Structures are given as structure tokens and as C-alpha cells.
Protein chains: 2
Amino acid sequence: MENKEKGSKEKQILAAAEQEFLTMGYDGARTTSIARRAGVTHAMLHYYFRTKEQLFERIVDEKFSTMSHSMFAIMGDPSLPVLERIIGGVESHFDFVAENPLLPRFVINEIVARPEHCDILHKRIAHVVGALYRELQLEIDRAAENGEMERVDVRMLFISIMSMNIFTFLAYPFMEPLMGELMADREQFLKKRKAENVETILRRIKKQKDAV
Amino acid sequence: MENKEKGSKEKQILAAAEQEFLTMGYDGARTTSIARRAGVTHAMLHYYFRTKEQLFERIVDEKFSTMSHSMFAIMGDPSLPVLERIIGGVESHFDFVAENPLLPRFVINEIVARPEHCDILHKRIAHVVGALYRELQLEIDRAAENGEMERVDVRMLFISIMSMNIFTFLAYPFMEPLMGELMADREQFLKKRKAENVETILRRIKKQKDAV
DNA sequence: TTTTGCATTAACAAAATTGTTAGACAATTC
DNA sequence: GAATTGTCTAACAATTTTGTTAATGCAAAA
């Protein structure tokens, strides 16, 4: 064996494929380019994965799995009081997306291009997500009963949270040149943005003195 | 001439290309498929537009122009009091995206794939957008001074508005199977979602009795 | 009527991309 | 050490996709 670790080339190809598919999409990706990135001949790629499609499926599987984790991050820590729980959910979801900034675009594109592909993902998580919704909704209703927060539909709340957290990264390259100094320092901007998202959600669910 | 209107085939091709590029992206689009959609031979397509790239540029130009309109919709009506102005901005931006639901994904993908392409767009709107920001920020500061609303950074506010409005359509196909009856009726859901976005932004900018 | 020029088609050419195969080579097993 | 197995390469084949061209028709101008 050339390579110290067994399966090293296979792993190199997978890593290169992940990069390529996440940035270029299925259609934009080139098997030759993946092979080049991985430092192997392109025959090698076909040797290990047979076809571009099969290689892609491997990446999709892994990424969909990562994706479903993010849905759970958003649920927050059930041991906390509901208000802190939601805020914690916003923060951990934001951090999750920050660590996987290319994931949302990939998933969104994939779902449009190959909806049938995604049925698998949906079936895998739909009922779990549904159960979690119901559980958190009960908590919210209880807290609302006690006047601790506004009564809201948890699904709407989740959409808002995902919207603000995910869009931050989706649109970063588009916004950056339009926002002047605000986005010049990425780290600092992300910190501010996270705080802004928390604040926005917090105000959405806090009991208001004067109803709208 | 076969066709009544001059340039009919050219227009047919453009319409087909718009459909194809918006849904499939540059890499996914096929010139033969565009020609088929348009009901012309694919040689015809090359006759009118020479290359796939040139045809694509035509679509990009038009779509980027549409895009910049949406940035102005979000500014609201300057003749209104600032609070109504912002709410009106949220609503008209939502409506705009609802009428161009494929646009955001197209722009986001394009900006990642061909950043240099987008410099043109940015240069075209950066200073106009900048001026509008400053104008609205002044209004906000004045209103905040009078205790009519919270003092907020208008750029952050815009990001929040765009996030929630755009993400609704970006993620619709992903969310729909996870949300049960909430999203079953698209029209009704969009109405609810628009109201939710308005409510969320409104609460973000309303003066609170007890600060956070 | 002849000419000019655009629109159109079918057939073809070129390029890019994916996928295959026969065989070399090294390591492992028997 | 011979046979076997899995890894790897180079060259090639097939397919898909884009782009070209030469020939034809047709409408308006001269």
C-alpha cells in the first residue's frame, strides 16, 4: 500500500467531493475536478464509487443527516424554562449553521432538483419533528397560560428562527458589498447578527403590556 | 414571416430560457431543452444568441434588475409615518417575492458561482441603496428620539425583513412536508406568514415598557 | 425580376464529461 | 514461492452537450 491508512484515497475523494458538490452543486461539479482536488486519477474515482451519482448520494446522505441534527438543535434544552429554552435554541441553531454555512444552499437546491430524493429525509424526520413540535407547543401553551409569554404557534416560530439564522449565511456574499462597514469584519458581524436574531425572537414571544 | 409579431421566436426562446435557468441554474440548464420548450430547433437558439453564456447573460441582466426593484420595495412609502412606512415595506417586499418566488435562489446561486458577475449589480445599486439607508436611518433616529419606536440599525432591520420574507419561499418545498396542515393550503399559509413577519418586525421596533 | 438579407433547417463537427478495460504492481494468503 | 486479491494507471470508448455550416426558402427592396 502506498498510503499509510487504509482507505485513505477513498476518504480523500469523499472530502474533495463534499467540497465540490457543496459549492458547485451536482450539475456544476466535475468528476475530473473532484479527482484532481483529491490528488488521484479520475479512473480512481470511478473505481471506488462507480458513478458520479453514487458518489453524490454518499454526500447527500451525510449532509441530510447533518441537516436533521440542526432541526434538533433548534429545539433547545428541555430542562430549561421555556423562554430560556427557546433562546438557547436560537443560539445553538445559529452556531450550527455557522459551522455548516454551505449546507442550507445545498439542501435547498437539492430539494428543488430532486424532490423524490428528499422524501427519504422527510420520512426520516417528519414524525420525530412532529413529536417535538407538540411537546414544545404544550410548554408554550402552559407558559402563555401563566402570562409568562405570548401564545404563539411553535411552527411559525421555528420558521422565523430558521429564516433569520440561515438567511444570514445564505445571503452573506450578496449583502456584504451593500452593507458598508457593518459586515466588513465577518466575525464581529456574525456576533451582532446572532444577538439581533435572539432579540427579535425574544420580542416576538414576550408578553406585551399593550397588545397590537 | 411565419410568426405574426417580429421577433416572436426570439421572445419565445427568452421566455423558455428564463424558465430553464431559474429552475435548473446555469449548469443544469440545457440549450436543447430550452429550444424544445420554446418550440424551435436548437440551431435557432444559437442563431439568435450565439452561445449559452450570452443567452444566460440576457436573463441575468433582467433578473438582477428585477432584484434591485425588490430592494426599493422594502424601503416603503416615504410619505408615511416611519412606523407605517416600515410595515408597508415589509408587506410590499413580501408581495414582491411572492410574485418572483424563484428569484432569490437564482441570485444566491449566481452570486456564489460567479461573484465577478455580481460586482456589476452591486456597483449599480450600492450607492443608491446607501443613500436610502441613510435617509431612513435619519427618520428612525428622529422617531426614536420622540419615543415613538426603538432605536435600531436600519441595515440590521432590512436583513431581518429580507430573511423572513425570502426564506419563506426559499424553504417552502423543504418545510411543507414537515409542517402538517399549517402549510397544506399555500395561499392561506402565505397570508399567515406575511402577517407573522409583519408582527415580528413590528415588535422588534416598538418601544418596550420594560427594556430587555 | 433580380437581388439582398434575414430566418430556418438538417446535418455535421468539436469539445467536454463520464464511464470502461486491460493490465501492472504490490501485498496478503496458502 | 505461487496464487490470489485489491489498488492503481493509462489509454480508450461512449455519451452528452454545445456550437457551426451549408443549403433553402421567403419577403421586401431595387
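So that the names make sense, note that chain A is the first sequence line, chain B the second, and so on, each numbered from 1. Keep in mind it's a predicted model, so treat the numbers as computed, not measured.
Looking at the side chain of B/Y48, the nearest of the listed nucleotides D/dG19, C/dT8, C/dG19 is C/dT8.
If you measure from atom CD1 of B/I34 to atom C1' of D/dG19, you get 14 Å, rounded to the nearest angstrom. Between the C1' atom of D/dT20 and the CZ atom of B/F49 lies a distance of 18 Å, rounded to the nearest Å. Atom NE2 of A/H46 and atom C1' of D/dT7 are 16 Å apart (whole Å). One can place NZ of B/K11 at 13 Å from P of C/dA7, the figure rounded to the nearest angstrom. For the pair A/L45 CG and D/dT7 P, the interatomic distance rounds to 15 Å; values are reported in whole Å. We find that CZ of B/R50 is positioned 15 Å from P of C/dA7, with the value rounded to whole Å. Whole-Å rounding puts the B/I13 CD1 to D/dG19 P distance at 14 Å.
Evaluation of the side chain to side chain donor-acceptor pair (under 3.5 Å) rule for B/R58 yields no partner, not counting sequence neighbours. Checked against side chain to side chain donor-acceptor pair (under 3.5 Å), B/D119 has no partners two or more places apart in sequence or in another chain. For A/H69, there are no side chain to side chain donor-acceptor pair (under 3.5 Å) partners two or more places apart in sequence or in a different chain. By the side chain to side chain donor-acceptor pair (under 3.5 Å) test, B/N100 pairs with no residue at all, sequence neighbours left out. For the salt bridge (Lys or Arg N to Asp or Glu O under 4.0 Å) test, no residue two or more places apart in sequence or in another chain qualifies with B/D27. The salt bridge (Lys or Arg N to Asp or Glu O under 4.0 Å) test applied to A/D153 returns A/R155, not counting sequence neighbours.
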Result block: side-chain N/O donor-acceptor pairs under 3.5 angstrom for residues 38-46 of chain B, not counting sequence neighbours:
from: B/T41; atom 1: OG1; to: B/M44; atom 2: N; distance (Å): 3.3
from: B/H46; atom 1: ND1; to: B/R50; atom 2: O; distance (Å): 3.0

query = What string of B, S and - do you get for nucleotides 9-17 of chain C, 5' to 3', when a contact is any protein heavy atom under 4.0 Å?
reply = BB------S

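Within residues 54-62 of chain B, no residue has a heavy atom under 4.0 Å from DNA chain C.
B/S33 has its side chain within reach of B/E20: a pair of non-hydrogen atoms, C-beta onward, lies under 4.5 Å apart.
Between A/F158 and A/Y133, the ring-plane angle classifies as perpendicular under the 30° and 60° cut-offs.
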